[in-house]
Amino acid sequence: MNEGSSTSHRASREEILKEFRVRELLEAARRVIGRYGFQGATIDRVADEAKVAKGTIYLYFTNKDDLMFTAVVDGVRGMNEQVIKAAEGLSSPLQQLKRMVGQLFRVLDSNQDFLKALIMEPSFANLKQGNPRAEELRRVFAAYLDYLAGVIQKAAACGEIRNVDPHLAAFMLDEMVVGSLRRRMLELTTTAVEADADAVLDLFLNGIAARNGSAPNR
């Protein structure tokens with residue numbers, strides 16, 4: 001093996017190791033955020049969770065804010081990818097939509113602690129325009145909504161649902177899912193995740209109007 005190949009192979013190994021280490025640190029950071037909230041999440045706690053020396057974290061992240069923000073963006077992007085992947089291979093846009101909602105409930109439910117901390121954190125709940133980190137998080141969220149809107153638009157085009165503003169519908173559907181999850185977080189329901197997904201889909205697709213279009217007799 002020549003020197004160039006050896007150097008390239010060594011660089012490749014180093015890149016893989018770095019990617020693996022960063023992934024471990026981000027996962028540890030999300031667990032710490034879920035357990036202690038953003039205010040209680042510290043570099044020391046992340047290091048303990050990841051079972052690494054504190055100095056190791058500074059090899060990859062400049063400070064706590066850098067680590068926490070990267071953990072949030074990476075976590076949200078990963079959850080979005082899981083939801084989108086669940087709809088692959090289905091020919092019917094409406095079935096894709098239903099599969100995505102069901103998967104979204106499962107993904108969010110399995111990350112409740114992290115999401116609860118995220119929802120309650122003011123700096124993430126109130127994204128300020130012009131802030132590079134806020135813009136990156138907005139792009140990740142917008143990319144997911146664009147995909148969801150595309151599925152809704154296709155469902156309308158083939159007559160599976162009525163014509164609606166696809167981006168508004170996508171945003172409102174996502175809000176319905178998050179609202180239902182918040183109800184679970186507040187322990188206002190003990191229903192199964194699948195039952196919540198079905199209930200949200202029913203409300204989204206059929207609304208609450210009487211089937212005959214008129215209000216029931218009082």
Side-chain angles (χ1 to χ4, degrees), residues 8 10-88 100 103-149 167 170-171 174-175 177-179 181-182 184-185:
S8 176
R10 184 166 59 251
S12 177
R13 280 189 320 213
E14 290 173 353
E15 289 170 1
I16 291 172
L17 179 60
K18 177 182 178 181
E19 183 178 345
F20 175 76
R21 179 64 72 195
V22 168
R23 180 70 51 195
E24 282 189 323
L25 294 175
L26 294 178
E27 290 174 355
R30 285 191 289 272
R31 290 194 297 270
V32 170
I33 290 170
R35 196 173 303 141
Y36 300 102
F38 282 90
Q39 296 303 316
T42 65
I43 293 292
D44 287 318
R45 281 174 169 164
V46 174
D48 288 343
E49 181 70 23
K51 295 179 175 58
V52 299
K54 181 178 177 179
T56 301
I57 294 178
Y58 290 108
L59 294 175
Y60 306 101
F61 302 98
T62 56
N63 51 40
K64 172 188 168 179
D65 287 345
D66 183 27
L67 171 60
M68 297 305 165
F69 178 80
T70 305
V72 167
V73 172
D74 180 75
V76 173
R77 183 182 286 115
M79 288 186 284
N80 291 347
E81 289 172 354
Q82 290 181 59
V83 173
I84 291 171
K85 186 175 182 180
E88 292 178 353
M100 287 178 69
Q103 180 68 357
L104 181 57
F105 264 94
R106 286 187 288 273
V107 169
L108 294 182
D109 187 65
S110 64
N111 292 275
Q112 271 199 47
D113 291 338
F114 169 65
L115 289 167
K116 186 175 182 179
L118 182 59
I119 290 170
M120 294 176 65
E121 172 58 29
S123 63
F124 287 108
N126 304 302
L127 298 177
K128 293 183 179 179
Q129 207 163 9
N131 182 310
R133 289 179 172 176
E135 293 297 335
E136 184 177 355
L137 186 56
R138 185 178 284 107
R139 282 193 296 271
V140 171
F141 184 56
Y144 164 72
L145 285 182
D146 284 345
Y147 186 92
L148 185 58
H167 283 88
F171 187 87
D174 186 72
E175 287 294 297
V177 172
V178 172
L181 178 66
R182 188 177 290 113
R184 298 180 69 82
M185 289 178 176

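Hydrogens, waters and symmetry mates are skipped; everything else that's a heavy atom, side chains included, is used.
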Salt bridge or not for Asp113 and Arg35, using N-O below 4.0 Å?
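Arg35 and Asp113: not salt-bridged.
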
Ionic contact status for Lys85 with Glu88, cut-off 4.0 Å
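No.
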
Do the side chains of [Y] and [X] get nearer than 4.5 Å, heavy atoms only?
X     : Y      : answer
Leu59 : Arg21  : no
Phe61 : Ile57  : yes
Thr42 : Tyr36  : no
Tyr60 : Thr70  : no
Phe38 : Val72  : yes
Val76 : Asn80  : yes
Val83 : Leu148 : no
Leu26 : Leu67  : yes

Does atom [atom1] ([X]) have a neighbourhood of more than 12 heavy atoms from anything else shown, all under 6.0 Å?
X      : atom1 : result
Phe171 : CZ    : no
Glu19  : CD    : no
Lys64  : NZ    : yes

Nearest 0.5 Å please: distance from the [atom1] atom of [X] over to the [atom2] atom of [Y].
X      : Y      : atom1 : atom2 : value
Asp174 : Met100 : CG    : CE    : 9.5 Å
Met185 : Lys116 : CE    : NZ    : 7.0 Å
Leu104 : Ile84  : CG    : CD1   : 10.5 Å
Leu118 : Ile33  : CG    : CD1   : 8.0 Å
Arg182 : Leu108 : CZ    : CG    : 11.5 Å

Side chain to side chain donor-acceptor pair (under 3.5 Å) partners of [X], counting only residues at least two apart:
X      : value
Arg77  : none
Gln103 : Arg106
Gln82  : none
Asp146 : His167

Determine the minimum heavy-atom distance between [X] and [Y], stating which atoms define it.
X      : Y      : value
Ala170 : Ala149 : CB-N, 3.7 Å
Gly37  : Ala117 : CA-CB, 4.2 Å
Thr62  : Asp66  : N-OD2, 3.0 Å

Residues that Glu27 engages under salt bridge (Lys or Arg N to Asp or Glu O under 4.0 Å), provided they are two or more places apart
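Not a single residue meets the salt bridge (Lys or Arg N to Asp or Glu O under 4.0 Å) criterion with Glu27.
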
Set of salt bridge (Lys or Arg N to Asp or Glu O under 4.0 Å) partners for Glu136, sequence neighbours left out
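So Glu136 forms no salt bridge (Lys or Arg N to Asp or Glu O under 4.0 Å) with any residue.
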
Sub-3.5 Å donor-acceptor pair from the side chain of Asn111 to the main-chain atoms of Val107, do we have one?
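Indeed, once roles are kept as given, a pair shorter than 3.5 Å links the two residues.
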
Whether Arg30 side chain and Phe114 backbone form a donor-acceptor pair below 3.5 Å:
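No, Arg30 side chain to Phe114 backbone: no donor-acceptor pair under 3.5 Å.
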
